Undergrad: 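There's a structure below that I have some questions on.
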Amino acid sequence: MKKYICDVCGYVYDPAKGDPENGVKPGTPFDQVPADWTCPDCGVGKDQFSPQD
């Protein structure tokens, strides 16, 4: 599963880890993260994330 990086602050969403503190279970691909989820570091929306190479 591909990791995604926040274009604003550089936070990396790792699907293997998820974001359990904000309701995203480990193993959740980025495209299945809820639409209202925001970056845990800076608060921007999913539309501000890009696939990490």
Side-chain angles (χ1 to χ4, degrees):
M1 287 185 284
K2 188 171 278 205
K3 295 178 183 179
Y4 281 73
I5 188 165
C6 177
D7 298 329
V8 176
C9 74
Y11 169 84
V12 176
Y13 175 79
D14 182 349
K17 296 178 182 175
D19 184 18
E21 292 178 4
N22 293 295
V24 182
K25 295 179 182 177
T28 304
F30 192 74
D31 65 350
Q32 293 180 14
V33 171
D36 61 352
W37 178 83
T38 58
C39 177
D41 286 353
C42 73
V44 298
K46 282 180 65 178
D47 60 334
Q48 298 290 309
F49 279 72
S50 299
Q52 189 177 43
D53 293 328

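Treat the numbers as computed from the prediction; the structure is a model and nothing was measured.
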Undergrad: As an exercise, state the distance from CG of D53 to NZ of K2, rounded to the nearest 0.5 Å.
TA: 6.5 Å
Undergrad: side-chain hydrogen bond (donor to acceptor under 3.5 Å, both in side chains) with D7: which residues, sequence neighbours excluded?
TA: S50
Undergrad: Restricting to non-hydrogen atoms, name the atom on C6 and the atom on V44 that form the minimum distance, rounded to 0.1 Å.
TA: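 Shortest heavy-atom contact: SG-CG2, 3.6 Å.
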Undergrad: Would you say K3 has more than 12 foreign heavy atoms packed within less than 6.0 Å of its NZ?
TA: no
Undergrad: Under 3.5 Å, side-chain donor or acceptor atoms of residues 23-40 against the rest of the protein: list the pairs with distances, not counting sequence neighbours.
TA:
{"residue": "T28", "atom": "OG1", "partner": "K25", "partner atom": "O", "Å": "2.6"}
{"residue": "W37", "atom": "NE1", "partner": "D19", "partner atom": "OD2", "Å": "2.9"}

